[in-house]
Each structure stands twice: as C-alpha cells, then as structure tokens.
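Scroll down for the structure; my scribbles are underneath it.
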Amino acid sequence: MFRSKELFPRAGRTIFMKKESGYGRIEVREVIEKNELIRLLLVDEVRESAAIMEEGRRNELVFKYTKDFDIALKKRPDITNTLMLGGAGFSFPKHYIHSYPDKRIDVVEFNPMMYQIAMQYFYLDELYADYRLSENRRMEVFIEDANDYITHTDRTYDLVINDCYVSNRMDDELLKNRQVVHIKKILNPGGVYMINLITAIHGSQSMPGVLEYEILKTNFKNTDLFACKKEIGLHERQNVILVGTDGEW
C-alpha cells in the first residue's frame, strides 16, 4: 500500500488516450482507490481492466467480477487448460498465470491495440519475462474475432470464459445459440463455460440474462448464475456470471 503523499502527484493523470474509429475512446488513467494506486483501462469512460501499480502486486485482480472467474477453478481443480475470449488489459490472464503454475491459458483479443496497451501499460511484458511465457507457452494470444476462433480452432479446453466487451457493449453474436454450440464443441467432456454478462437478475432489465440462461439450459446439463455484487439490488444491472457445464458444479 502506498502512502497518500506518494500517491497524489500521480492520481487522476491520463497517460494514454486515443480515439479509434468504430471502437471508441481508449484511455489509460491512474487513480487512487482504497488507498491504492490503480491503473485503469477505459473505453468511452467504461472500465475494461485495471492493475495495481505497486511492485509485487501487479498480477492481483481489482474488479470483483474477475475474481468470480476463480470460482470455476476452486470448484473444479481438475481444470488445467483455459480459453479466455476478450483480453483487454489481460488482468485475469496475468492472475491465472501467477496463481496457477500447473495450468495454461489461451487468450483471444480482437483489437491488436489492446494487446499493445496491455504490454506497455498493464505489465504484461513483465509477466512474459517473469514466467518465461515465450519459452513454455503457458499463455498464447490470438489476435482475431472470438467468433472466428471458436469455429476453426482444433484446440479443446476445460474452461472457456467469455468476457468480450467494447465499453459496456458485449459481443451479442457470441451469445447466440449457434455460437454456444460451437463453444461446447471445444470444451473437453465436463468442461465449464462462464459468461460475464451485464444484466439484472429480475425485472425489466433482466432480459439479457434470462435469454442467455435459457440458451445455456438448452445446451448444458447443469447451469448457474449469480450476481457479482450482493449489495446491488436484483432489479439493477450489474456484472452477472452465468455458467454452463455437463460436469459437476
């Protein structure tokens, strides 16, 4: 933890900004939150990723919903091979490589600029060096549309995580039944599919979650969903994790 007098000169400064046609305004900003100096990745002012800047803590997760991805790894310690759809600042892949030395992960990111930003501003370059990822290939990155990747890859996975967003807009194509069918085909028997979806649990704002939950129920024997922040009302939109698996849950 940093002392406030060390923090304030840097807090609130923007260290990168670019408006990208068809994507939005991408910004990297440094802020103080809970007495920590945090580096944020913003797209049109929506938080897409974050990293603690203190040395030795740069692979820690900041956002609650990314911490909830770990639930699959705790429930199913047999998971060793993971696919993440949507890299942004690579916060979860960094945590995954750091926390699970016996596991590997592939990351699909549509925008090559996001990969460059993660390397330059979110300590992904340090992760490659510290864990010798270029040699052991515990993490491989594919710069392409996730919809294309899931239809042509010959790799299979124990866990697939869908976190494909631009600002607060998810890739709706990935939520369709035909794409869920493709995702199930690249899951190993009993594998787990997790989706981060911004939706309400009940009420007028819950339709995205209701529709996707029904698609998962059609394709998987076991399904689950849970709100990431219990303090937020069930009728309000927030990050909700949806799960589908034919294995134990």
Side-chain angles (χ1 to χ4, degrees), residues 1-20 23-70 82 84-100 105-134 138-143 161-171 196 198 228-229 238-239 241:
M1 184 179 297
F2 293 93
R3 290 172 295 185
S4 59
K5 68 179 182 179
E6 298 171 331
L7 290 171
F8 284 122
R10 304 184 70 171
R13 74 172 186 169
T14 294
I15 59 175
F16 175 90
M17 181 183 292
K18 183 174 182 180
K19 175 74 173 179
E20 188 171 4
Y23 198 88
R25 191 182 71 215
I26 302 170
E27 183 179 354
V28 179
R29 186 186 303 163
E30 294 175 353
V31 300
I32 301 170
E33 294 187 355
K34 298 180 180 179
N35 293 322
E36 304 285 3
L37 188 57
I38 305 293
R39 189 168 284 172
L40 293 173
L41 175 59
L42 307 168
V43 178
D44 292 337
E45 290 295 325
V46 175
R47 298 176 173 212
E48 288 220 348
S49 197
I52 297 173
M53 295 179 63
E54 183 179 351
E55 190 171 353
R57 301 185 58 197
R58 292 170 176 172
N59 298 323
E60 292 183 24
L61 294 171
V62 177
F63 297 157
K64 174 62 168 60
Y65 83 89
T66 56
K67 296 176 182 179
D68 286 339
F69 291 148
D70 262 350
T82 294
M84 183 152 203
L85 305 175
F90 281 69
S91 61
F92 186 79
K94 289 191 304 170
H95 159 77
Y96 183 99
I97 291 295
H98 172 75
S99 302
Y100 303 102
I105 186 169
D106 288 338
V107 184
V108 178
E109 170 54 51
F110 174 75
N111 190 344
M113 183 182 294
M114 285 299 183
Y115 180 67
Q116 296 165 8
I117 289 172
M119 291 289 283
Q120 185 171 353
Y121 298 107
F122 289 88
Y123 313 109
L124 188 59
D125 58 336
E126 293 183 7
L127 190 82
Y128 270 92
D130 292 345
Y131 293 91
R132 303 172 62 186
L133 298 181
S134 297
R138 285 186 55 216
M139 182 175 75
E140 293 185 69
V141 179
F142 300 87
I143 305 299
I161 299 172
N162 180 356
D163 193 26
C164 283
Y165 278 87
V166 175
S167 184
N168 60 358
R169 306 180 301 275
M170 192 173 196
D171 185 338
N196 167 40
I198 298 177
C228 296
K229 294 184 177 180
Q238 66 155 303
N239 295 96
I241 304 297

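Please read these numbers as outputs of a predicted model, since none were measured by experiment.
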- prompt: When you look at Ile117 and Glu48, which way does the side-chain contact (heavy atoms from CB on, under 4.5 Å) test go after all the steps?
  reply: CA-CA 12 Å; Ile117 289 172; Glu48 288 220 348; over 6 Å; no

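- One distance of note links CZ of Phe110 with SG of Cys164; it measures 10.5 Å at 0.5 Å rounding.
- To the nearest 0.5 angstrom, Arg138 atom CZ is 7.0 Å from Leu133 atom CG.
- Atoms CG and CG, on Asp171 and Asn162 in that order, are 7.5 Å from each other to the nearest 0.5 Å.
- In this structure, the salt bridge (charged side-chain N to carboxylate O under 4.0 Å, His left out) partners of Glu33, at least two apart in sequence or on a different chain, are Arg47.
- How far OG of Ser99 is from CG of Asn59: 7.5 Å, rounded to the nearest 0.5 Å.
- Qualifying ring pair (Phe, Tyr, Trp, His ring centres under 6.0 Å) partners for Tyr115, counting only residues two or more places apart in sequence or in other chains: Phe90.
- Val107 approaches Gly87 most closely through the heavy-atom pair CG1-CA, 3.8 Å.
- Remark: Lys64 engages Asp68 in a salt bridge (charged side-chain N to carboxylate O under 4.0 Å, His left out) (not counting sequence neighbours).
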field: Full working for side-chain contact (heavy atoms from CB on, under 4.5 Å) between Ile198 and Tyr165
entry: CA-CA 10 Å; Ile198 298 177; Tyr165 278 87; 3.5 Å; yes

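- Residues satisfying the side-chain contact (heavy atoms from CB on, under 4.5 Å) criterion with Glu60, sequence neighbours excluded, are Ile52, Arg57.
- Applying the side chain to side chain donor-acceptor pair (under 3.5 Å) test to Asp106 and every residue at least two apart in sequence or in another chain returns Arg104, Arg155, Tyr157.
- Residues Gly24 and Val43 approach most closely at CA-CG1, 4.5 Å, considering heavy atoms.
- To the nearest 0.5 Å, atom CD of residue Gln116 and atom CZ of residue Phe16 are 8.5 Å apart.
- Residue pairs satisfying the salt bridge (Lys or Arg N to Asp or Glu O under 4.0 Å) criterion with at least one member in residues 86-97, sequence neighbours excluded, are absent.
- For the side-chain contact (heavy atoms from CB on, under 4.5 Å) test, residues two or more places apart in sequence or in another chain that qualify with Lys67 are Leu61.
- In terms of the side-chain contact (heavy atoms from CB on, under 4.5 Å) criterion, residue partners of Arg25 (sequence neighbours excluded) are, by chain and number, Met17, Lys19, Glu27, Asp44, Glu45.
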Extract all donor-acceptor atom pairs below 3.5 Å that involve side chains of residues 119-126 and protein atoms in other chains or at least two apart in sequence.
from   : atom 1 : to    : atom 2 : distance (Å)
Glu126 : OE1    : Arg58 : NH1    : 3.3
Glu126 : OE2    : Arg58 : NH1    : 2.7

Verdict with reasoning, Glu54 to Leu37, per side-chain contact (heavy atoms from CB on, under 4.5 Å): CA-CA 7 Å; Glu54 183 179 351; Leu37 188 57; over 6 Å; no

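- Asn239 places none of its side-chain heavy atoms less than 4.5 Å from the side chain of Lys229.
- Within the structure, the salt bridge (Lys or Arg N to Asp or Glu O under 4.0 Å) test picks out no pair touching residues 108-120 (sequence neighbours left out).
- Using a 4.5 Å heavy-atom cutoff, the side chains of Met113 and Ile26 are in contact.
- Under the side-chain contact (heavy atoms from CB on, under 4.5 Å) criterion, Thr82 pairs with Ile79, Tyr96, Ile105, Leu159, Ile161, not counting sequence neighbours.
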- prompt: Between His98 and Asp130, is a side-chain contact (heavy atoms from CB on, under 4.5 Å) present by the stated rule, with each step listed?
  reply: CA-CA 9 Å; His98 172 75; Asp130 292 345; over 6 Å; no

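- Side-chain contact between Met114 and Leu41 is present, with at least one heavy-atom pair separated by less than 4.5 Å.
- The structure places CE of Met139 at 9.0 Å from OG of Ser134, a figure rounded to the nearest 0.5 Å.
- Contact detail for Ser49 and Gly89: the closest heavy-atom pair is OG-CA, 3.3 Å.
- Legend: residues meeting ring pair (Phe, Tyr, Trp, His ring centres under 6.0 Å) with Phe69, ordered by chain and number and at least two apart, are Tyr65, Phe92.
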